[in-house]
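Treat the numbers as computed from the prediction; the structure is a model and nothing was measured.
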Amino acid sequence: MVLRMVDWRDCPALEYVPGRKGGQATFIGRRIPAQALDDWLSTGRALEAFSDTFRIDIGSVRAVHDYMTDSPPVGTVDLTGCCSVELAPWGTPIFAGTWAHVEALFDFVKAERTAREFSDTYDVDYEHVEAVLRHAVDQDYQGPMA
């Protein structure tokens, strides 16, 4: 159960805002996640159509596309064996006994918020949050931690 996460913090057209789209990287001032552009392009549609459809400046769309295609930093965490994580029916790692995505914790931390704030915001037992962060450290995760 490996979680692979792009670190969007150096992309000038995106921001991490806790509480917005689960803490995912979104276009600045918008609720459109970076992943939406990747999904859009994977169906063969054009950058310009994405820009027009979501009313996002084409320069911002191109900046995200360029960042995405220029080998962005990727953090991986092997969550296998972490008792605080289970797979959702659709295959996404979630905190045990909740529907909260584990990736949201890492996005939250990238937004320079604390693990305690994540626990309070998403109503996830803090012991589960700590267990995932400890597991990540044990698995040599190199991304931001809180």
Is it the case that the side chain of [X] and the backbone of [Y] share a donor-acceptor pair, with hydrogens and angles ignored and the cut-off at 3.5 Å?
X      : Y      : value
Thr92  : Ala88  : no
Arg9   : Ala25  : no
His135 : Asp78  : yes
Ser119 : Asp125 : no

Is any side-chain heavy atom of [X] closer than 4.5 Å to a side-chain heavy atom of [Y]?
X      : Y      : value
Val74  : Met5   : no
Tyr16  : Val109 : no
Leu37  : Val61  : yes
Phe106 : Leu3   : yes

Next on the checklist: Can you pull out every salt bridge (Lys or Arg N to Asp or Glu O under 4.0 Å) where at least one residue sits in residues 35-61? Sequence neighbours excluded, please.
Outcome noted: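 Qualifying pairs: Glu48-Arg62.
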
Item to check | Same cluster (ILVMFWY, side-chain, under 4.5 Å), Phe118 and Tyr126 | outcome: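 The answer is yes; both residues are in one hydrophobic cluster.
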
Which distance, rounded to the nearest 0.5 Å, do you find between the [atom1] of [X] and the [atom2] of [Y]?
X      : Y      : atom1 : atom2 : value
Asp107 : His101 : CG    : NE2   : 11.0 Å
His65  : Leu41  : NE2   : CG    : 5.5 Å
Phe54  : Phe27  : CZ    : CZ    : 9.0 Å
Thr114 : Asp120 : OG1   : CG    : 7.5 Å
Gln24  : Trp8   : CD    : CH2   : 11.0 Å
Ile32  : Trp40  : CD1   : CH2   : 10.5 Å

Next on the checklist: Can you give me the closest heavy-atom contact between Cys11 and Ala63, atom names plus distance?
Outcome noted: SG-O, 4.0 Å

